[in-house]
Undergrad: 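Can you keep this structure in mind? I'll have questions shortly.
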2 protein chains.
Amino acid sequence: MAVFLSTYVNKVDRKGRVSIPAQFRQSLAKTSAPSTVYLWPSLNHQALEGADQDYLDVLSESLESPDLDADERDMIETFIFGKLIPVSSDAEGRIVLPKELAEFAGITEEAAFIGRRKTFQIWEPDALKAHEAALREQVVRKDISLSQIVAKASRGAASRSGEGA
Amino acid sequence: MAVFLSTYVNKVDRKGRVSIPAQFRQSLAKTSAPSTVYLWPSLNHQALEGADQDYLDVLSESLESPDLDADERDMIETFIFGKLIPVSSDAEGRIVLPKELAEFAGITEEAAFIGRRKTFQIWEPDALKAHEAALREQVVRKDISLSQIVAKASRGAASRSGEGA
DNA sequence: TGGGCATTCTTGGGATAGCATGGGACGGCA
DNA sequence: TGCCGTCCCATGCTATCCCAAGAATGCCCA
C-alpha cells in the first residue's frame, strides 16, 4: 500500500487538472492500480480525501465486519462509496478534479496535497493554513507531545494483546 | 461482480429513458448479463435499488441459508424478488424506468444514480440531497470518522481470528 | 567549489473520441 | 387501425488523449 508524506501545492488549470506530486506518484507506482486514485469528500473537513486501490480494498473489506452497526455501514456506503470517484491520471501524471469535489473543498486555482500515510488530503491552500493554525493552537493548549502519544499507544497495544481479552 | 461507485445525475426524457452512467456500464460489462439490470423499490427509502444478475444470484443463494428465519425470508421474497423488474438497456446504454418504480421514487425529470459497491440506488435528486443532509447530521452528531471505523473493524477482525475464540 | 548540462516535473493548449440526450421511424400488440 | 414500446440515427457537449515548452532541480565535470 502506498505511503504519502509531506505537503505539496500545485496549480489547477482551467480544465480542472492538477499534477499529482511526483513523490506521491512514486508511491502509487507500487500499488495494484498505479494510475488510478480514489477521491472523496472528507467526512470531517472541507477537504478531499484520496487513496489508492489497495486502501479501498481494505476499507471495503472492513465494511463486511459484523462489528459495524447498520447505521454506520449505511453512512459509509452513502458518503464514501457513493461519493467516491475513481480518477485516472494522464500520461503527465495529472488528474482532473471532479467539479463537485473541487467545489466542496473550495479549490479553484491551487490545491495543497497533504500526505497522511495511507491516504492523503487535498485542501484549498488558505483553508489548510487556517486548519493548521487551529490545530496547532490545540496542541499548545492541551500540551500534547509526540513521545507522550507513542507511549500511550504502545501501552494500549500491550494490554490488548497480552493481559487483556 | 460489478462494483458501483460515485454519484451521477442524468436526465429522464419524455419516454422515461435514462442513461446508465458510463462507469456503471463498464462495471456491468464484466458481468454475466451485461445489458440487463434488475431494479426494485428500496425497503428503507423512497428510492430504487439496482444490481446485476450476479448479485441477484448471490442473494438468491443466501435465501437458502438455514440461519435466516422464516419472517426474513418471506420478507425478502415478497419485497425484493416479488418487486424485481429486469430492465434491458438499448444500444446507447439507456434503460426505461418502469412507471410504477419511477412513481415510487418520485422521479420525473432527473435521476441520481448512487453507487453502493455491489448495488446502486436511484433517487430523485432533491430527495437524495435531503437524505444526505440527514445522514451528515448524524455523522457530526456521533463524531464519526473513517479511520475510526477502519480501526474498529480491523480490531474486531483480529480478535475474531487471532486472540479470541 | 562553482558553473554548466541534463533530466524530471509542472504547466499549457489543441484535437479527438465518447457520452448524454433528443427526435423520428418501424414493428408489435391490443 | 391506433397506441405503445423498441430500435435507429443525429448532435452538442464534455472529458480524454496527445503534443509542447518553461521552470526547477540535481548531477557532473572542470
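So that the names make sense, note that chain A is the first sequence line, chain B the second, and so on, each numbered from 1.
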Undergrad: What is the separation between atom CG on B:Asp90 and atom C1' on C:dG24, rounded to the nearest whole Å?
TA: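 Atom CG in B:Asp90 sits about 15 Å away from atom C1' in C:dG24.
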Undergrad: Could you tell me the separation between the CZ atom of A:Phe81 and the CG atom of A:Leu63, rounded to the nearest 0.5 Å?
TA: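 Reported value, rounded in 0.5 Å steps: 5.0 Å.
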Undergrad: Which nucleotide in the set D:dC7, D:dC18, C:dT11 lies at the smallest distance from any side-chain heavy atom of A:Arg17?
TA: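 The answer is D:dC18, which lies nearest to the side chain.
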Undergrad: Report the distance from atom CD of A:Gln23 to atom C1' of D:dG26, rounded to the nearest whole Å.
TA: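 Result: 13 Å.
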Undergrad: Using 4.0 Å as the upper bound for N to carboxylate O, is an ion pair formed by A:Arg141 and A:Glu137?
TA: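 Yes, charged N to carboxylate O under 4.0 Å.
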Undergrad: Hey, is the side chain of B:Arg14 poking within less than 4.0 Å of OP1 or OP2 on C:dG23, counting only N and O atoms?
TA: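 So the side-chain polar atoms of B:Arg14 do come within 4.0 Å of the phosphate oxygens OP1 or OP2 of C:dG23, strictly under.
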Undergrad: Give me the atom names and distance for the closest heavy-atom approach of B:Val96 to B:Val87.
TA: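 Reported closest heavy-atom pair: O-CG1, 3.7 Å.
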Undergrad: Can you check the A:Glu109 CD to C:dG12 C1' distance for me, whole Å?
TA: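 Rounded to the whole Å, the gap is 15 Å.
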Undergrad: Report the relative orientation of the aromatic rings in A:Trp123 and A:His45; use parallel for angles under 30°, tilted for 30 to 60°, perpendicular for over 60°.
TA: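 Judged by the thresholds at 30° and 60°, the geometry between A:Trp123 and A:His45 is tilted.
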Undergrad: Tell me the interatomic distance from A:Glu110, atom CD, to C:dT10, atom P, rounded to whole angstroms.
TA: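 Computing the A:Glu110:CD to C:dT10:P distance gives 13 Å.
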Undergrad: So for B:Arg94 and C:dG22, does any side-chain atom that can act as donor or acceptor lie under 3.5 Å from a complementary atom in the base?
TA: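 Counting by modelled atom types and ignoring angles, a donor-acceptor contact under 3.5 Å is found here.
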Undergrad: Any idea which of C:dA20, C:dG24, D:dG5 is nearest the B:Ala22 side chain?
TA: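 Side chain of B:Ala22 sits closest to C:dA20.
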Undergrad: Please list all pairs passing the salt bridge (charged side-chain N to carboxylate O under 4.0 Å, His left out) test where one or both residues lie in residues 115-136 of chain A, with sequence neighbours left out.
TA: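 The answer is none; no pair qualifies.
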Undergrad: Contact class for B:Asp13 vs. all strands (heavy atom < 4.0 Å): base, sugar-phosphate, or nothing?
TA: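 Result for B:Asp13 = sugar-phosphate.
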Undergrad: What is the separation between atom CG on B:Asn10 and atom C1' on C:dG22, rounded to the nearest whole Å?
TA: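 Those two atoms, CG and C1', are 14 Å apart.
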Undergrad: Distance check needed: C:dT11 C1' versus A:Phe113 CZ, whole Å only.
TA: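 From A:Phe113 CZ to C:dT11 C1': 13 Å.
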Undergrad: May I ask you to list the residues of residues 29-39 of chain B, by number, that have any heavy atom positioned under 4.0 Å from an atom of DNA chain D?
TA: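 Contacting residues: none.
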Undergrad: Under 3.5 Å, is there an N or O donor on one side and an acceptor on the other linking the side chain of B:Glu92 and the base of D:dC9?
TA: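 Pair found.
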Undergrad: Would you kindly give the CZ-to-P distance between A:Arg25 and C:dT7, to the nearest whole Å?
TA: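 Going from A:Arg25 (CZ) to C:dT7 (P), I get 18 Å.
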Undergrad: Could you give the distance from CG (B:Leu28) to OG1 (B:Thr36), rounded to the nearest 0.5 Å?
TA: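 Nearest 0.5 Å value for the CG-OG1 distance: 9.5 Å.
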Undergrad: Using a heavy-atom cut-off of under 4.0 Å over every strand shown, decide if B:Ile20 touches base, sugar-phosphate, or nothing.
TA: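 Sugar-phosphate, backbone atoms only, no base.
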Undergrad: Return the value, rounded to whole Å, for the distance between atom OH of A:Tyr8 and atom P of C:dT11.
TA: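 The answer, rounded to whole Å, is 14 Å.
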Undergrad: With nearest nucleotides of DNA chain C determined for A:Gly93 and B:Ser19 from heavy-atom distances, which residue corresponds to the more 5′ nucleotide?
TA: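 Upstream on the strand: A:Gly93.
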Undergrad: Quick one: are the ring centres of A:Phe4 and A:Phe24 less than 6.0 Å apart?
TA: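 When the ring centroids of A:Phe4 and A:Phe24 are compared, they turn out to be within the sub-6.0 Å range.
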